[in-house]
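Structure, as structure tokens:
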Amino acid sequence: MARKSLVLLSLLVLVIGVQLATSMTSTQYYLTQLTMSAYYAIVVIGLSVLMGYAGQISIGHAGFFAIGGYLSAALTTHNLIQFQESGVVKLLSSLGMIVTGQDLYGEELLVFVPWAACIVAIITAGVIAFVLGIPVLKLKGHYLAMATLGFGIIIYRIALASEYFGEADGISEVPGFTIFPALGDIGPVVVSGDFSGRVQNYYIAWCMLIIGLILLQNLINSRVGRALRSIHGSEEAAEAMGVNTARYKLYVFVLSAVYAAIAGVFLTHYNGGIGPSEASVMKSVRYVALVAVGGMANLWGVLIMGVSLTFLSLRGVFGSYDDAIFGVILIMIMLFAPEGILSIKLKGLFFRKNIRAKQEA
Amino acid sequence: MLELSSLQKNFGGLKAVDDVSFQVAKGTIKAVIGPNGAGKTTLFNCIAGNLAPTSGSIFFQNQEIKGKKPHQIAALGISRTFQNINLFHGMTALENVMVGRHIRSTSGFLAGMFSLPKSWKEEKKIQQRSVELLDILDLSKFAHVEATSLAFGQQRGVELARALATDPSLLLLDEPAAGLNIYETAEVARLITKIRDMGITVLLVEHDMSLVMDISDEIVVLSFGSKIAEDIPSAIQQNSEVIKIYLGEDEEAMA
Ligand SMILES: Nc1ncnc2c1ncn2[C@@H]1O[C@H](COP(=O)(O)OP(=O)(O)O)[C@@H](O)[C@H]1O
Ligand SMILES: [Mg+2]
């Protein structure tokens with residue numbers, strides 16, 4: 001327990017340290033990519049619980065990311081003024097979910113507030129994961145991989161084909177997402193790409209990632225986490241021990257989809273837009289590669305690799321071979337280091353931690 | 001406690017279990033024996049819900065359990081071990097046993113994620129009970145060793161502890177002594193008697209007759225899916241049909 005807090009504390013110190021270092025060296029432009037990396041890492045740690053711990057693969061998580069991002073973008077940008085007399089719009093307005101505003105050209109705008117859009121987007125992603133998961137999670141191994149891949153392709157084609165989602169251009173001019181309004185002297189907390197909010201957004205993203213990590217760590221170390229690992233270990237035996245394997249697989253699938261959708265929503269408001277590449281199969285493959293390279297059932301490893309490789313990718317280090325690099329990483333890991341490249345170094349650390357935890361208990 | 005009537009399981013044209021009926025009385029050890037391929041494991045898989053019987057019925061504590069899922073049957077109080085050891089790989093011996101407590105605990109996803117007091121209090125109890133069970137089976141020194149890396153006999157022990165962790169009222173053991181030497185087999189025999197004395201009814205499958213003769217209260221003999229005899233051990237030993245099957249299949253089996 002103490003060790004776990006210590007590791008978390010060091011991460012916190014590191015996060016703050018990096019921010020201070022960038023401001024001292026006037027290299028704050030790094031914060032932009034670090035913010036984005038943190039959001040992508042949220043997808044990856046969620047997927048790690050699904051793949052590494054519960055042993056169920058998904059090559060469609062970019063789809064859930066896109067559902068979150070696109071829905072939030074569409075709801076906060078598409079003008080509903082022509083429907084203003086409809087009962088639904090009136091009801092939503094009275095609930096404060098839809099507000100009037102003005103666009104850049106001073107025209108009257110009737111759109112969802114980001115809070116409402118965010119909730120709708122995340123719930124929708126969760127419901128879709130639930131409905132998709134019921135039939136699909138009956139499949140195993142390659143068949144499950146193919147089915148989730150198919151889902152990802154469908155979402156990609158929908159994003160690319162539908163006018164509502166902006167076709168090949170995607171959706172832009174997505175407004176900032178005010179998490180907390182201003183309170184007296186304390187300014188508002190807004191997720192947006194505003195230059196002035198760069199430091200704030202860096203901290204928002206990393207807070208979300210760290211909270212997300214803590215929740216998943218708790219889960220893994222709980223009764224449910226053990227049941228999930230037992231499904232990975234032997235589904236037949238897990239079932240014989242009374243684990244409702246179908247339900248647990250479904251719930252963890254929904255959970256990982258919700259993580260992806262949350263990342264999609266926040267990154268979209270941060271970037272001010274979203275495009276079809278976020279829904280592409282290559283993005284899903286990239287997430288799987290990051291989980292694999294981090295060691296699958298290793299939340300810390302997955303987080304570290306997820307952040308660092310995504311950061312390099314966003315800095316353009318891989319150039320036009322970007323997608324290819326992640327494909328190669330996936331193949332290499334599968335061939336030479338199925339436990340992830342951090343497994344060797346981290347093994348000592350984690351092994352000691354386990355013994356400690358057990359002695360304390 | 002358990003009542004099978006006219007249970008039938010076909011695999012295509014093969015009648016793996018053919019019109020089998022018998023009862024298991026509470027607090028007894030009942031053994032199902034028969035040569036390889038007689039349908040013993042198939043019978044177990046039908047009871048535990050892993051296979052759907054073709055016809056017939058299975059009553060457990062006066063409740064029809066045919067058609068229920070394995071996890072529902074486990075919740076009702078039937079636990080099992082597997083003929084081919086089926087431990088959770090990637091988990092320690094202790095964690096394996098702790099999974100056995102799953103059905104007797106309730107913390108869900110949210111309780112786990114937010115580490116609610118309910119969750120960790122329950123977790124402590126789960127761990128306590130699991131350590132106790134490993135102790136009973138003399139395996140506590142392997143608690144933190146990955147279960148699948150243990151010696152064969154120890155793996156069987158962990159599987160047994162895991163099955164006991166579910167607090168079963170009926171325990172199904174599929175060839176618990178397979179692959180063990182005579183000392184380990186004697187130890188298993190002692191354990192099974194102990195489990196019965198704890199008030200748990202045991203239904204035991206064995207290929208080898210020598211183990212079951214000593215400890216069983218009653219024996220059912222299967223051959224090619226059909227029940228050919230059901231009696232107390234001393235009578236089974238005298239049964240000419242049983243002797244014929246066993247001598248025909250393998251002379252050593254009677255030794
Ligand atoms: N899943 C299955 N599909 C087809 N045939 C099976 C299956 N399981 C068992 N059998 C067949 O059923 C018969 C009984 O097998 P089993 O119950 O394993 O016997 P035992 O446990 O008594 O050795 C064997 O002939 C076996 O080949
Ligand atoms: Mg068998």
Side-chain angles (χ1 to χ4, degrees), chain A residues 1 4 46 49 52-55 211-248 250-256 258-259 296-298 338-339 351-352 354-361, chain B residues 45 48-50 69-82 85-92 94-116 119-120 122-124 126-128 131 143-144 147-148 159 162-163 165-168 172:
Chain A
M1 200 66 192
K4 206 167 93 184
V49 173
Y53 292 94
I211 291 170
L213 176 78
I214 293 172
L215 293 180
L216 291 183
Q217 262 188 336
N218 288 344
L219 181 71
I220 290 311
N221 292 318
S222 75
R223 164 180 179 265
V224 171
R226 192 167 45 244
L228 292 173
R229 291 169 58 210
S230 79
I231 294 173
H232 194 185
S234 162
E235 197 166 331
E236 190 190 19
E239 186 73 29
M241 290 305 114
V243 177
N244 188 341
T245 54
R247 177 184 297 171
Y248 273 47
L250 183 60
Y251 285 2
V252 75
F253 186 68
V254 171
L255 179 67
S256 68
V258 165
Y259 264 62
M296 299 287 243
N298 180 347
E339 301 214 339
F351 192 53
R352 273 209 306 277
N354 282 343
I355 289 182
R356 264 276 188 84
K358 262 143 209 161
Q359 281 167 348
E360 274 171 30
Chain B
N45 283 335
N50 297 93
K69 296 223 173 69
H71 70 87
Q72 295 170 318
I73 291 174
L76 290 175
I78 299 184
S79 193
R80 69 172 303 182
T81 63
F82 295 84
I85 294 175
N86 200 341
L87 290 169
F88 304 122
H89 61 76
M91 295 171 78
T92 66
L94 179 62
E95 286 171 331
N96 263 271
V97 180
M98 287 170 81
V99 176
R101 293 302 295 162
H102 181 86
I103 199 64
R104 302 295 165 224
S105 40
T106 56
S107 301
F109 271 77
L110 291 180
M113 289 177 85
F114 294 98
S115 210
L116 303 181
S119 172
W120 47 260
E122 196 174 67
E123 195 67 9
K124 258 211 171 113
I126 291 174
Q127 186 160 13
Q128 241 166 23
V131 168
H144 303 301
T148 49
E159 224 193 21
R162 185 180 69 181
T166 66
D167 286 345
L172 309 176

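Just so we're on the same page: letters track the sequence lines, and every chain starts at 1. In this text the structure is predicted, and so the values were computed from the model without any measurement.
- Using a 4.5 Å cut-off between heavy atoms, B:T106 contacts chain A through its backbone alone, with no side-chain atom that close.
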Problem set entry | From CA spacing to verdict: side chain to side chain contact (heavy atoms under 4.5 Å, CB included), B:N45, B:R80 | CA-CA 10 Å; B:N45 283 335; B:R80 69 172 303 182; 2.8 Å; yes
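- Heavy atoms closer than 4.5 Å to chain B are found in both the backbone and the side chain of A:A238.
- Contact between A:S230 and A:V243 at its shortest, heavy atoms only, is OG-CG2, 4.1 Å.
- Using a 4.5 Å cut-off between heavy atoms, B:N50 contacts chain A through its side chain alone, with no backbone atom that close.
- Counting all heavy atoms, side chain and backbone alike, A:G242 lies closest to B:H102 at O-CD2, 3.8 Å.
- Residue contact with chain B, scored on non-hydrogen atoms closer than 4.5 Å, is absent for A:E235.
- With a 4.5 Å cut-off on non-hydrogen atoms, B:S105 touches chain A through its backbone and its side chain both.
- For the set A:M241, A:E236, A:R223, A:E239, the count of heavy-atom pairs under 4.5 angstrom toward chain B peaks at A:R223.
- Using a 4.5 Å cut-off between heavy atoms, B:Q128 does not touch chain A at all.
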For this session: Output, in order, the C-alpha distance, side-chain angles, deciding distance and verdict of side chain to side chain contact (heavy atoms under 4.5 Å, CB included) for B:L94 and B:H144.
Result: CA-CA 6 Å; B:L94 179 62; B:H144 303 301; 3.9 Å; yes
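- Each of B:P70, B:A143, B:A48 has some count of heavy-atom pairs under 4.5 Å with chain A, and the biggest count is that of B:P70.
- Residues meeting the ring-ring contact (aromatic ring centres under 6.0 Å, His included) test with A:Y251, sequence neighbours left out: B:F109.
- The two residues B:N96 and B:A147 make their nearest non-hydrogen contact at ND2-CB, 3.3 Å.
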For this session: May I have the step-by-step check of side chain to side chain contact (heavy atoms under 4.5 Å, CB included) for B:E95 and B:F88, ending in yes or no?
Result: CA-CA 9 Å; B:E95 286 171 331; B:F88 304 122; over 6 Å; no
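- Interface remark: A:I220 contributes no atoms to any contact with chain B (heavy atom separation under 4.5 Å).
- Neither the backbone nor the side chain of B:I73 comes within less than 4.5 Å of any heavy atom of chain A.
- For B:R104, no part lies near chain A; criterion is any non-hydrogen pair under 4.5 Å.
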For this session: Step by step, work out the side chain to side chain contact (heavy atoms under 4.5 Å, CB included) result for B:R101 and A:R226.
Result: CA-CA 11 Å; B:R101 293 302 295 162; A:R226 192 167 45 244; over 6 Å; no
